[in-house]
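Chain letters run A, B, ... following the sequence lines, proteins first and then strands; every chain starts at 1.
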Amino acid sequence: MSTAISPVRNAASRHTVGRPTGRCRRERPRDRNERYVTENPSTPALEDDLPEQMKVRRDKRAALLGEGGKPYPLGVKRSVTLARLRATYGDLGAGESTGETVTVAGRVMFVRNTGKLCFATVREGDGTELQLMLSLAKVGEQALADWKRLVDIGDTVAVTGEVVSSRRGELSVMADSWTMAAKALRPLPVAHKPLGEETRVRQRYVDLIMRPEARRNARQRSTVTRALRDILHDADYIEVETPMLQVLHGGATARPFVTHSNAFDLDLYLRIAPELYLKRCLVGGIEKVFEINRNFRNEGADSSHSPEFAMLEAYEAFGDYQTMASLITSLVQGAATRTFGSTLVRHVDGVELDLGGQWRRVTLFDAISEALGETVTIDTPYETLVSYAEKTDLGVDPVWGPGKLAEELFEHLVVDSLIEPTFVFDYPEETSPLTAAHREAPGLTEKWDLYVRGVELGTGYSELNDPVVQRERFVQQAALASRGDDEAMPLDEDFLRAMEYGMPPAGGMGMGIDRLLMALTGLGIRETILFPLVKPEV
RNA sequence: GCGCCGUUAGCUCAAUUGGCAGAGCAGCUGGCUCUUAACCAGCGGGUUCGGGGUUCGAGUCCCUGACGGCGCACCA
């Protein structure tokens, strides 16, 4: 098996993930605008080449500084949030004033400077906006002139003044004074044109400033993960964190990322799954255990796959795959209810999806048989399966055994049609090396996959806990490795040793967090992940 | 990894057969004490993704590289 991984090992020593020196200097500036933000004082002449709008903002920062002002003061105090102010005075009538003086702060999103009365709209992080008014009569000539001269859209400002309603009925703070809270050196994008796809992903901070949906998505994700944790904690589960840096990769079939420990002079894998460690927890007596954390898989990226993705895995001693099917149902339905108030969710494309009730259940081979119009079982001969594959234009990899081929047929013929939540039960032993043999059906395992919108959302098992059978399965996988299947796992002797101390019978499940968000919202994976991996710009 | 398409001002986009690189918003100057994508007058802003080539002349054609989108392959 070491022959299978040695090429990866060699590649890794050239491209380690960790950076020993901790330095990360780019060899070339990222774009022409960025040369000027380096601290290097020996390039002042380039200042002349700055795009006009950035130069203007830098000049304003310098002007503020030169006059004894502070473009980035510390300890800016606000007395009330915009949201609270709106909640308190939302029904103030047009032209009314409150007599209450407050200090508010926010990012300037809109500016209307006139001769003697200036308007601005500021916004705080959750998207709540409030109007500021600066009148000559209240702030005085100097402060008004400074405001017009120094404030740009995008700056964060703090204003102290009375809470009033404008003649048009807009809740406002009528300033007695204003201060810069943080000067923006780059102009914000136009508010009325949608931001380009790439900018949204690469500069999520801009996306979060400009797009309400981006702010909402980020907050929804937090609500969903908190719901999952709450539900699990309520069921007496214990949350653990197991290694991301592993000496051996295991627990799933996937190609790993490789990195290197300088201290140990040892190549390490970023984990592809936490499973083998969570099972060690079961052995140690943490009988209901879960982890929500990242996995890393060195494989293709598309609308439903990201090289790093968050996953929930949960294991329950004395449970089985039926236990875990119930658990994932309550997790998905609980997350939907706690986040959206209902198990009937509306996706961004307007399509509604009902996640409520009992979900459909079908066995893998029944699903294949139905799609094919021919009865297929675990006993269907390999040659017959190959003929079905050829009939349906599925290319057959000679490395595949009959079980793998059956699964490929399923993915080829059935998966796309599984829109409503559907459990697919009872997979071949061949492709499930960590799963217990089925109690009734020889050759099958007690495993389900949960599909929503044609995407695998989660998977569950009656866990294999016979250490002798487990070792045999691993040896089989290692044999596969020597046949060129580089996803097969190396033998994890420490895991097998743990199993030999006795793991209680248990059910286990895994669910993609990003995919759960996708199932709940209809978003692509790059929208559910705040900062998805992107290639460097230059 | 393979194929197709794209990359132009701060942002979103135009530019005819290869013939002076434009608009809206944003910005700058001036005006306006109730504006909401204000309005009025005036002004500036470009390495057309990088490199090479063809041509009197290239945003446009050819080669090459980077990045992105879509499809395929791989995967969850």
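- Looking at heavy-atom distances under 4.0 Å, D302(A) makes contact with a base.
- Sequence neighbours left out, the pairs with a member in residues 119-150 of chain A that pass ring pair (Phe, Tyr, Trp, His ring centres under 6.0 Å) are W147(A)-W178(A).
- The closest donor-acceptor contact from the side chain of R204(A) to the backbone of A214(A) lies at 3.5 Å or more, if one exists at all.
- Residue T199(A) has its side chain nearest to rU12(B) when only rU12(B), rG45(B), rA76(B) are considered.
- Nucleic acid contact for K60(A): sugar-phosphate only, since backbone atoms but no base atoms lie under 4.0 Å from a heavy atom of the residue.
- Across all strands shown, G512(A) has no heavy atoms under 4.0 Å from either base or sugar-phosphate atoms.
- The side chain of R200(A) places no N or O atom within less than 4.0 Å of a non-bridging phosphate oxygen (OP1 or OP2) of rC11(B).
- Every residue two or more places apart in sequence or in another chain that forms a side-chain contact (heavy atoms from CB on, under 4.5 Å) with S165(A) is listed here: L92(A).
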Using a cut-off of under 3.5 Å, enumerate the N/O to N/O pairs linking the protein to nucleotides 37-39 of chain B.
from	atom 1	to	atom 2	distance (Å)
rA37(B)	O4'	H192(A)	NE2	2.5
rA38(B)	OP1	R112(A)	NH1	3.1
rA38(B)	OP1	R112(A)	NH2	2.6
rA38(B)	OP2	R112(A)	NH1	2.8
rA38(B)	O5'	R112(A)	NH1	2.6
rA38(B)	O4'	R112(A)	NH1	3.2
rA38(B)	N7	R112(A)	NE	3.2

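- By the side-chain contact (heavy atoms from CB on, under 4.5 Å) test, P71(A) pairs with R61(A), L64(A), L65(A), K183(A), sequence neighbours left out.
- Taking atom CG of D155(A) as the reference point, atom P of rA26(B) lies 16 Å away to the nearest angstrom.
- Counting only N and O atoms by type, the side chains of Q203(A) and D207(A) include no donor and acceptor under 3.5 Å apart.
- E129(A) meets the side-chain contact (heavy atoms from CB on, under 4.5 Å) test with M109(A), T121(A), R123(A); sequence neighbours excluded.
- No engagement by M311(A) is indicated, since no non-hydrogen atom pair under 4.0 Å with the nucleic acid exists.
- When atom types are taken as modelled, the side chain of S306(A) and the backbone of F309(A) share no donor-acceptor pair closer than 3.5 angstrom.
- Per the geometry, NE2 belonging to H412(A) stands 9 Å off P belonging to rA73(B), to the nearest Å.
- In this structure, CZ of R526(A) is placed 21 Å from P of rA76(B), rounded to the nearest angstrom.
- For the C1' atoms, the distance from rC67(B) to rC28(B) is 33 Å, rounded to whole Å.
- For F290(A), the ring pair (Phe, Tyr, Trp, His ring centres under 6.0 Å) test picks out H233(A), with sequence neighbours left out.
- Atom C1' of rG69(B) sits at a distance of 31 Å from the matching atom of rG27(B), rounded to the whole Å.
- Comparing rU8(B) with rC49(B), their P atoms are spaced 6 Å from each other, to the whole Å.
- Within 4.0 Å (heavy atoms only), R149(A) reaches no atom of the nucleic acid at all.
- Each salt bridge (Lys or Arg N to Asp or Glu O under 4.0 Å) pair with one or both residues in residues 412-426 of chain A, not counting sequence neighbours, would appear here, but there are none.
- Residue contacts for E198(A): at a heavy-atom cut-off of 4.0 Å it reaches the sugar-phosphate backbone alone, with no base atom in range.
- Remark: Q333(A) pairs with T329(A), T343(A), W359(A) by the side-chain contact (heavy atoms from CB on, under 4.5 Å) rule, at least two apart or across chains.
- At the phosphate of rU33(B), neither OP1 nor OP2 sits under 4.0 Å from any side-chain N or O atom of R167(A).
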* Asked: When Watson-Crick pairs (N1 to N3 and N6-O4 or O6-N4) and G-U wobble pairs (N1-O2 and O6-N3) count only below 3.5 Å on both distances, what is the dot-bracket string of RNA chain B, with | for other-strand pairs?
  -> (((((((..((((.....[..)))).(((((.......))))).....(((((..]....))))))))))))....

Pairs of donor and acceptor atoms involving the side chains of residues 156-164 of chain A, under 3.5 Å and at least two apart or interchain, shall be tabulated with distances.
from	atom 1	to	atom 2	distance (Å)
T160(A)	OG1	T103(A)	OG1	2.8
E162(A)	OE2	T98(A)	N	3.4
E162(A)	OE2	G99(A)	N	2.6

Can you pull every protein N or O that's under 3.5 Å from an N or O on nucleotides 1-5 of chain B?
none

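- Nearest nucleotide to the side chain of E456(A), out of rC67(B), rA76(B), rG10(B): rA76(B).
- Checking the phosphate oxygens (OP1, OP2) of rG69(B), no side-chain nitrogen or oxygen of K535(A) falls inside 4.0 Å.
- Using a 4.0 Å cut-off between charged nitrogen and carboxylate oxygen, R167(A) and E96(A) do not count as a salt-bridge pair.
- A gap of 48 Å separates the C1' atoms of rG52(B) and rA41(B), to the nearest Å.
- G196(A) comes within contact range of the sugar-phosphate backbone alone, with a heavy-atom separation under 4.0 Å but no base atom that close.
- Within 4.0 Å of T459(A), counting heavy atoms only, lies no atom of the nucleic acid at all.
- Rounded to whole angstrom, the span from the CE atom of M210(A) across to the C1' atom of rC11(B) amounts to 9 Å.
- L136(A) has its CG atom 15 Å from the C1' atom of rG31(B), to the nearest Å.
- You'll find that the side chain of D152(A) is closest to rC28(B), out of rG10(B), rC74(B), rC28(B).
- A search for ring pair (Phe, Tyr, Trp, His ring centres under 6.0 Å) contacts involving Y315(A) returns nothing, not counting sequence neighbours.
- For the C1' atoms, the distance from rG22(B) to rU48(B) is 12 Å, rounded to whole Å.
- A straight line from CD of Q203(A) to P of rU12(B) spans 10 Å, rounded to a whole angstrom.
- Residue R202(A) has its side chain nearest to rG68(B) when only rG68(B), rG45(B), rG10(B) are considered.
- For the P atom pair drawn from rC13(B) and rA21(B), the interatomic distance equals 23 Å after rounding to whole Å.
- One C1' atom belongs to rG19(B), the other to rU29(B), and the distance between them is 36 Å to the nearest Å.
- Here the nucleotide nearest the side chain of P189(A), chosen from rC34(B), rG10(B), rC11(B), is rC11(B).
- Only the C1' atoms considered, rA37(B) is 8 Å distant from rC25(B), to the nearest whole Å.
- At the heavy-atom level, S165(A) lies nowhere under 4.0 Å from the strands shown.
- Counting any heavy atom pair closer than 4.0 Å across all strands shown, A137(A) reaches a base atom.
- Within a 6.0 Å radius of CZ in R294(A), no more than 12 heavy atoms belonging to other residues, nucleotides or ligands are found.
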